[in-house]
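Because the structure is predicted, anything quoted here is derived from the model rather than measured.
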Amino acid sequence: MEVFEGQSILNFIKELPNDETCKAYLAQIKWKDGFKCMKCGHTKGCEKSGYNYQCYGCQHVDSATANTLFHKVKFGLHKAFCIVFEMTTSSKSVSSIQMGKRFEIRQGTAWYFMQKVRKAMQSSQKYPLSEIVHVDEFTVGGKEEGKQGRSYDSKKKKAVIAVELNQKHQIKRVYVKSIDDYSSKSLTPIFEEHISQTANIVTDKWRGYEPLKKLYNIEQKLSDHGKNFKELHILIMQLKSWIRTIPTHVSKWHIQAYFDEFCFRINRSQFKTSIFHKSIERMVNAKPIYQKDIKLMLSV
C-alpha cells in the first residue's frame with residue numbers, strides 16, 4: 001500500500017474506505033522496519049490473517065493496533081483515521097461536538113480520542129530551535145476592564161511563544177507553552193525544553209528575561225507595538241483565531257493540549273504532501289492512552 005499524500009477528503013475516503021484498509025495501512029507503518037515481539041523481543045514471526053503477527057519465540061499474536069494510539073478504539077478504526085485526518089490537515093480547529101456529529105459518535109467519546117491525538121502531538125523536545133528565535137508572552141481570553149499589559153491578577157490564560165526564523169525571516173518552527181505568570185521562573189521551561197543555547201534569541205524589554213541571559217544569547221529590544229516582532233505577532237493572531245473556532249470554553253487545564261495541536265500543524269506544514277502519514281507514524285509510536293490517563297493528566 002502506498003503512502004497517502006495530499007489533503008483531499010475525497011481522495012482520503014477513496015484510498016482508505018473502511019476499517020480493513022486502515023488496519024493494513026497501520027500494519028505497514030508499524031512493521032516497516034521488521035517485526036519485533038512486544039512481549040519477548042523476538043524478531044522472528046509470521047503474518048496471520050487480519051494483519052496480525054505471531055511471534056515464533058513466545059507464540060504471542062500482535063495486532064496492528066496493539067500498543068499504539070488506536071489500541072481498543074471502540075468506534076472503528078476508519079472513523080479514528082478520519083478524526084486524525086481532520087485534526088492534522090484542516091486549517092481550522094473542529095470541536096468534539098462537531099466531530100461527534102460528523103462521525104456519529106458520542107461527544108464525550110470524540111473528546112477523549114481527540115485528547116489522545118493531542119497528547120501524541122506533544123513535542124519530542126529532540127530538535128531545539130537553533131537559529132533566530134523570537135520570544136514573547138500573550139494572553140488568550142476576552143477583554144477585561146482595567147487589565148492592561150502583564151496584569152498578574154488577570155483571569156486570562158497566559159502563554160509564552162517561541163518562533164524560529166531563518167535568515168530570510170521566514171517562519172520555520174514554533175512552540176507555545178502555558179504559564180501561570182510572567183516571572184523568570186515561569187518563562188524558563190520553554191527555553192530549557194525548546195531553545196538551544198547557541199540560538200540568537202530576541203525578546204522585548206521585559207525584565208523576566210534578564211536572569212536567562214546567563215545561559216542564553218538574548219538580545220532585548222523595544223517591541224514598538226509589535227513592529228519588531230512582526231512574524232511572531234502574526235502567529236499569535238492566527239493561534240487566537242484558531243482557538244475561537246472552537247464553540248466551547250477552553251479551560252486552563254486543556255489549553256496546553258490545544259497549543260500542542262496548533263504547533264504540530266505549523267511545524268509539519270513543510271510536509272504538506274504527507275502530513276497525515278507523518279501523523280499516523282507519530283501515533284503508531286505513541287503508547288496507548290486510556291480515559292483514566294486523560295483524566296489524571298487533566299487533574300494535575
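The backbone N or O of Ala120 lies less than 3.5 Å from a partner atom in the side chain of Arg282, making a donor-acceptor pair. In this structure, the side chain of Asn18 engages the main chain of Thr21 through a donor-acceptor pair within 3.5 Å. A donor-acceptor pair under 3.5 Å is formed between the side chain of Glu164 and the backbone N or O of Ser130. The main-chain N or O of Val61 is never found under 3.5 Å from a side-chain atom of Lys39 such that the two would form a donor-acceptor pair. In this structure, Ser186 contributes its side chain and Tyr182 its backbone to no donor-acceptor pair below 3.5 Å.
The nearest pair of heavy atoms linking Val160 to Ile190 is O-CD1, 3.5 Å.
Ion pair Asp260/Lys119 not flagged as a salt bridge, since none of the NZ, NE, NH1 or NH2 atoms sits closer than 4.0 Å to an Asp/Glu carboxylate oxygen. A salt bridge links Glu131 with Lys172; the closest basic N to acidic carboxylate O contact falls under 4.0 Å.
Arg118 forms a cation-pi arrangement with Tyr258, by the criterion of a distance under 6.0 Å to the ring centre and an angle within 45° of the ring axis.
For the pair Asn11/Ile9, no side-chain contact is recorded, criterion being any heavy-atom separation below 4.5 Å from C-beta on.
Annotation: Tyr175 is not in aromatic contact with Phe259 [ring centroid separation under 6.0 Å not met]. Taking the centre of each ring, Phe4 and Phe12 come in below the 6.0 Å mark.
Checked against ring pair (Phe, Tyr, Trp, His ring centres under 6.0 Å), Phe81 has the following partners two or more places apart in sequence or in another chain: Phe70, Phe276. With sequence neighbours excluded, the residues satisfying side chain to side chain donor-acceptor pair (under 3.5 Å) with Lys213 are Gln220.
Around the CD atom of Glu104, the shell of radius 6.0 Å holds no more than 12 heavy atoms that belong to other residues, nucleotides or ligands. Environment of NZ in Lys101: sparse, with no more than 12 heavy atoms of neighbouring residues, nucleotides or ligands closer than 6.0 Å.
No single ILVMFWY cluster, assembled from side-chain heavy atoms under 4.5 Å apart, contains both Ile266 and Met237.
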